Colleague: 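My questions all concern the structure below.
Indexing begins at 1, ligand by ligand and atom by atom, following the structure's order. Just so it is clear, the model here is predicted, and its values are computed rather than measured.
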Amino acid sequence: MWAAARHDLKLGLVQVATSRGQLVGENLPPLVGEVAGLGFDFSRNLVSANSWGLLRKYSVARGAAKFWQAVADGEPVNRTENRTASHMSWRDPGSAPAQHQAFFSLLSSLGVTDAEGSPRFDRVLNVGIGGSEFGPNLLAQAQVGVEDLNQRYVSLSSITPTHLRQMLKTVDLERSAVVVSSKSFTTGETMRLARQLRSQFESQGLSWRDNFFAVTAEPQKALAWGFTPNHVLDMTKSVGGRYSLASPIGFSFALAYGLGAFASFRAGMRLVDEAVARDPGQSAPLSHALIWFWYRVFFNLQSVAVIPYVPQWRLLTGYLQQLLMESLGKSFDSQGHPVNTPVGSVVLGEVGTNAQHSFMQYLQFSTTAVPADLIGALSFESDDDFADFQLANLFAQSQALLFGAGESTNELDPPGGRPSNLLLTRDDSLKSLGQVISFYEHSTLFQAALYDVNPFDQWGVEAGKKIAAKLFGRIPTPSLKVALEFFGNGITGRFRS
Ligand code: F6P
């Protein structure tokens, strides 16, 4: 089946590099269009009509649409943990889990209105890491980009004791809510910070229980920790950390900026969910998944870049890095057998205009291609020519990547022949951000189906957590002398017992 595709591949970069002016994927209808108002142009890729046809056949053979449907229908798709993957239901008003109501009731009881955020607290401190931190923090930064909200949201994750002390000097704890977001409620980094904050409250004679909230899939553990029962939100075990942003993990954001802002984000996600649900096998996220799969397996390209030209979405790349790399960082297939092809890509990225002054040189000129997704907004809340400026830069990069800067091949002109995808949102709103994130979630599921891996477990993360828990407390005082002795004795021998 793949012989013809391999032939295309031989032509690959070289052919495109020498045929400037030709859009390779042009005239392949599913590659340009819009999905629920989110525009996409995947025509700037190194794939012929012939290869594209084969890729589409492969997606059918692999049952990509069926896998997507199994996720949406609540089948136990997460084999190693024997779980469903319920993330889509959290943004579907028709089928949201029962725990949804508790989320709204808690916010209402705190007086959080759609427009004003939380009147009871001036500031929300979210304590969490990974999927329990990236998403709400991304939303908060995206919101701060369009409104001046006096740092209403503070994300506490991986900070030093010095940083924590300094931060606490600037915060009125009595007027601060602390949201401990942890699916497992055992993550070392998070629980340590939560304990430190609890001590701070106690040392100031404040009742920490009134201001602390827990979001977790282990409510019993939060209760055992001492949380007030109606301050504990159950996010359910079936939602994966990196897919959890529309679940109660968004509580800290909603508490800071209001239900309206959070609802608008979720509505954006839902729009794309609905569009994909209409025909998963013909959907734009599947095309996107096929393109990345193509480069990974047939071109053996290890990296992809995601570059947003919306400065307040600066945390988007880190968010998608977890989503894609935890989901696809696998070397066993869905049945537990070792895989024999490359799986998943390294995701790198940065806000567009920063990237241009950093790693875009590599994307333009290096000896290896890095397929790039360039994400732009057609308008910005701060209306002036800002959107035009951003888009001019975005299109300039895409053009230079594909065609190079000039007609001749020399050391001063980028060679061209480098692929990019364009994603264009209507504006820089949270709703648009929701559309983008949902799009990548669906692409991740489709990629998992194409590679035939389970995108919902993360045993590598669990292994690291376990080893760190065993080691902590056994590492000697880190003075130079002790450290030298310690390494001198051989680190592996030292810990083997
Ligand atoms: O990355 C694995 C993971 O367990 C994620 O699900 C989560 O994003 C992160 O670690 C933090 O874990 P928890 O939410 O259990 O504290």
Colleague: Using the rule side chain to side chain donor-acceptor pair (under 3.5 Å), only one of Gln322, Glu441, His87, Glu326 pairs with Arg242; which is it?
Modeller: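 The passing option is Glu326.
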Colleague: Would you say the ring centers of Phe262 and Phe103 fall short of 6.0 Å from each other?
Modeller: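 Close enough - the centres of the two rings lie under 6.0 Å apart.
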Colleague: Under 3.5 Å, is there a donor-acceptor pair between the Ser438 and His442 side chains?
Modeller: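 On atom types as modelled, these side chains qualify, holding a pair under 3.5 Å.
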Colleague: Does Tyr451 have its ring centroid less than 6.0 Å away from the ring centroid of Phe293?
Modeller: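 Yes.
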Colleague: List, ordered by chain and residue number, the protein residues whose closest non-hydrogen atom lies under 4.0 Å from any atom of ligand 1.
Modeller: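 Correct list: Ile129, Gly130, Gly131, Ser132, Ser182, Lys183, Ser184, Thr187, Gly241, Gln322, Glu326, Gln458, Val461, Lys465.
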Colleague: Once the angle between the rings of Tyr243 and Phe456 is folded into 0 to 90°, is it parallel (under 30°), tilted (30 to 60°) or perpendicular (over 60°)?
Modeller: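 Taking Phe456 first and then Tyr243, their aromatic rings sit tilted (interplane angle of 30° to 60°).
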Colleague: When you compare the side chains of Gln356 and Tyr309, does any donor N or O come within less than 3.5 Å of an acceptor on the partner?
Modeller: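 Yes, Tyr309 and Gln356 have a side-chain donor paired with an acceptor closer than 3.5 Å.
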